[in-house]
Structures are given as structure tokens and as C-alpha cells.
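All remarks here apply to the structure that follows.
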2 protein chains.
Amino acid sequence: MLKLTKKADYGLMALKYLAEHPEMPALSAKDVADAYGIPAQLLAKILQQLTKSGLLRSHAGMNGGYALARDAREISAFEVILSIDGPFFITSCTKGKTGCELTPSCTIKEPLARVNETIAGVLKSISIQDLAEHESPAPRAKESQQLVSLNR
Amino acid sequence: MLKLTKKADYGLMALKYLAEHPEMPALSAKDVADAYGIPAQLLAKILQQLTKSGLLRSHAGMNGGYALARDAREISAFEVILSIDGPFFITSCTKGKTGCELTPSCTIKEPLARVNETIAGVLKSISIQDLAEHESPAPRAKESQQLVSLNR
DNA sequence: TGTAATTCCGACAGAAACGGTCGTATACTG
DNA sequence: CAGTATACGACCGTTTCTGTCGGAATTACA
Ligand code: SF4
Ligand code: SF4
């Protein structure tokens, strides 16, 4: 169902960790993995992917590791998820393989596409910086504002 | 990744279909399945689940079938997804089985919980009625309003 | 130059979730 | 009673997810 993968989850944690240690020129995958208990080899691959997508900069060799490619507030959660989990779409009627074959007859794909846009917007509005600024166990008001308009 | 299951997808379609045919006292699972090309037996189980959750009312026997238990605008997409896919949470640190064991050390679960709330809010703001009012291929402005506030 | 640290890359395997089918029981209509 | 339809549980093949392994290429440093 509507759940992000642990990989994306790990990726966000790692990025946040990097954002919290701007003094370090680079942190190795193992450093980050140990800090949270994430499987090191798995995290390594995640960081590699993130690097390939241009969110991180890597440096091999001793004292090597990863660092944010941009300012933490210029990296959105959306980009991270996109990089790790691939194209973001809440329905199956995306492209190519294992797509939904009843796309032509489907009448809800268009409204759902709007929902998709909205959720993507939410994710885009969240930066790594936002995640790093933890604290604040404030209860937060849950006003039900108009978040998405399907029609018009 | 962040994708709803086809079951939930089918459920939404079915509900929308029922909402579009208020004149019928009841529509059988097969009727709906045929209308869209959904596997009949699968849809049957979905509708049963929806019934168990109180979103539909069922009636066995000839001329039986399903009908909305409430007005279409009183049923949210969130409820449908909840009913079919189970508890809604974008991360794995929910409850019980296969939960995330590094929950204690995790520092992003709290901010992510807010994101979760926000997305749930979006889903809750969408009713079956909204889906049924198709048409309107309006381009829709994509203003990037403040959709979620992580802090304070 | 050599060694250790570290990124890079692909393949693979176990486990879970998903999508779908089947068989059967039960309920209602006429 | 016969036919239609829901109700329910078991099952199975496929895909996706999570994690591991093995090795190659890079870099720092002694
Ligand atoms: S086409 Fe309709 S049914 Fe198929 S995936 Fe897209 S929305 Fe779901
Ligand atoms: S605890 Fe942290 S890592 Fe584990 S699922 Fe929740 S958010 Fe993801």
C-alpha cells in the first residue's frame, strides 16, 4: 500500500545525518550505517544511487565518503524518494512494464493523477533541512484546509 | 514505494460506479467488474471487505448486490484505502509484525509521522462524490502553497 | 610501492506483499 | 426447489523488497 520503502527511509536518514554534520568534509557509508544500525552494505548502495542522481558527492579512498551536493534546504524529500524508488506514482498506470491494462476503461485515473500531484507537492515541500530541525514535539494544529481540488 | 494497491484502486472504481448509479437499488459485483474489466472474483472480495467496514450495504440473492451505505460525499478515499489495505502509514514503524526494529534510534520517524498525517489529510478530503464528478480536464494551477509544516 | 580505506557495481537469494483463482457455504428470490 | 448472489477461507504464482556477497576501481598515506 501507500508506504515508502525502507531504502528511501534509510536514504532520508543518511541525508539528514550528513546535514547535521556539516563540519565533516565526508562521512563514509559505514559511519552513517553504524550511527543508526542500518545494514552497511545496503546503505552503501543507497548512497551510491543518491550520488548518481546528483544529490550527493562522493570521494573514494581513505577518509573518503559522502557529502551533500547542495545545501540541505535545497534537497527535497521528493528527490530522495525519486532517486531511490524510481518514478513516483501512486497508481499502477504509469509507463511500460506491469502497467495497468485497463487504463483505457478506467475513469478514476485522472482524478487520481491530481491526488498524485498533490502528494508529490507535499513531498517536494519538505527539505532535508526540515528533517534535521528536529526537536519541537509541538502538538501542531490539524486544520483541515482545502488541500486538493479535484474539479475546476 | 508510495503506491496504492490495485485492490484499493478497484475499490475506488467500484464505489464511484455505485455513486454514479443511484437509481439502482443494488449492483452485483459482477456488474461492476464487467463494466471495467476487473477480475470478478477479486472485486467480490474487495466489496465484501468494504461491506464489513460499513462503507457498503450488501444484499444476497437474486437482484441482490451492493449499494453505498452513506451518501457518496460522506465516504472518503481514505476510508476506502484504510478498509482495503489496512492501517495507513507511509513508514514501516507502525505496529507489530515486520515493524522497523531501529525505531528507537531513528530520528526521522517523528517528522515523517507529520508527513503521514498530511497525506492522510489529503486522502480524507477526497470523497467518492469528488471522483464521480469527472469531466473538467482543467489544467489546474499548481501553486506551491505551504502544505505541511514540520516544525512548531 | 604497497596497504588499507572506501566507493563502485552486478548478481543473487530469502522474505514478504500483491494479484488473482478456486471451492464451498450461506442467504435470498420467486 | 432452483437460480442468483454474497461470504469466507485456502491457495498459488509473480513481483517487489530487503539484504548479502564478491569483486573491481580509487585514493590516501606511510
Ligand atoms: S488505470 Fe485506473 S485502475 Fe489502472 S492503475 Fe490507473 S487508476 Fe488504477
Ligand atoms: S523507525 Fe525510522 S527507519 Fe524505522 S520505519 Fe520508522 S522512520 Fe523508517
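Chain identifiers are assigned alphabetically (A, B, ...) following the order of the sequence lines, protein sequences preceding nucleic acid strands; residue numbering begins at 1 within each chain. Here the structure is a predicted model, which is why all the values come from computation and not from measurement.
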* Proximal nucleotide (of D:dT6, C:dA4, C:dT29) relative to the B:Ala29 side chain -> D:dT6
* To do: Look at the side-chain N and O atoms of A:Tyr66 and state whether any lies under 4.0 Å from the OP1 or OP2 oxygen of C:dC8.
  => yes
* **Of A:Leu42, A:Leu56, A:Leu27, the residue whose pairing with A:Leu47 passes side-chain contact (heavy atoms from CB on, under 4.5 Å)** => A:Leu56
* To do: Just call it for A:Ala44: base, sugar-phosphate, or nothing, with non-hydrogen atoms closer than 4.0 Å on any strand.
  => nothing
* **Whole-Å distance separating the CG atom of A:Leu56 from the C1' atom of C:dC8** => 14 Å
* Please tell me which of B:Ser28 and A:Lys7 maps to the more 5' nucleotide of DNA chain D, matching each residue to the nucleotide holding its nearest heavy atom. => B:Ser28
* Taking atom C1' of D:dG19 as reference, at what distance in whole Å does atom NZ of A:Lys30 sit? -> 17 Å
* To do: Look at B:His59 and D:dT4 and indicate whether a side-chain polar atom (N or O) is within less than 4.0 Å of OP1 or OP2.
  => no
* Of all pairs that satisfy side-chain hydrogen bond (donor to acceptor under 3.5 Å, both in side chains), the ones with a partner from residues 58-70 of chain A, not counting sequence neighbours -> A:Arg70-A:Glu79
* Asked: With a non-hydrogen cut-off below 4.0 angstrom, is A:Lys45 in contact with a base, only sugar-phosphate, or nothing?
  -> base
* Asked: C:dT7 P sits how many Å from A:Leu18 CG, rounded?
  -> 11 Å
* **Nearest-Å distance for atom pair CE/P, residues B:Met62 and C:dT29** => 10 Å
* Under 4.0 Å between a side-chain N/O of B:Ser58 and OP1 or OP2 of D:dA7, yes or no? -> yes
* Structure fact -> With the side chain defined as heavy atoms from C-beta on, A:Pro39 is closest, among D:dG19, D:dC29, D:dT6, to D:dG19
* Scan B:Ile75, B:Leu15, B:Val80, B:Leu12 and name whichever one has a side-chain contact (heavy atoms from CB on, under 4.5 Å) with B:Leu131. => B:Leu12
* Between A:Leu27 and B:Gln41, name the one whose nearest nucleotide on DNA chain C is closer to the 5' end. => A:Leu27
* **D:dT4 OP1/OP2 closer than 4.0 Å to side-chain N/O of B:Asn63** => no
* So, the side chain of A:Ser53 versus the backbone of A:Leu55: is there a donor-acceptor pair under 3.5 Å, distance only? -> no
* Would you tell me if any nitrogen or oxygen in the side chain of B:Thr51 comes within less than 4.0 Å of OP1 or OP2 on D:dT6? => no
* **Whole angstrom value for the distance that separates P of D:dA7 from CG of B:Leu47** => 9 Å
* What is the distance, rounded to the nearest whole Å, between atom CG of B:Leu42 and atom C1' of D:dA10? -> 15 Å
* Structure fact -> From the candidates D:dT26, C:dT29, C:dC18, the one with an atom nearest any side-chain atom of A:Ala60 is D:dT26
* Asked: Would you say B:Thr91 and B:Val115 make side-chain contact, with heavy atoms under 4.5 Å?
  -> no
* Nearest whole angstrom, please: distance from the C1' of D:dA7 to the CG of B:Leu50. => 14 Å
* In whole Å, what is the span from the CD1 atom of B:Ile84 to the P atom of C:dC18? -> 12 Å
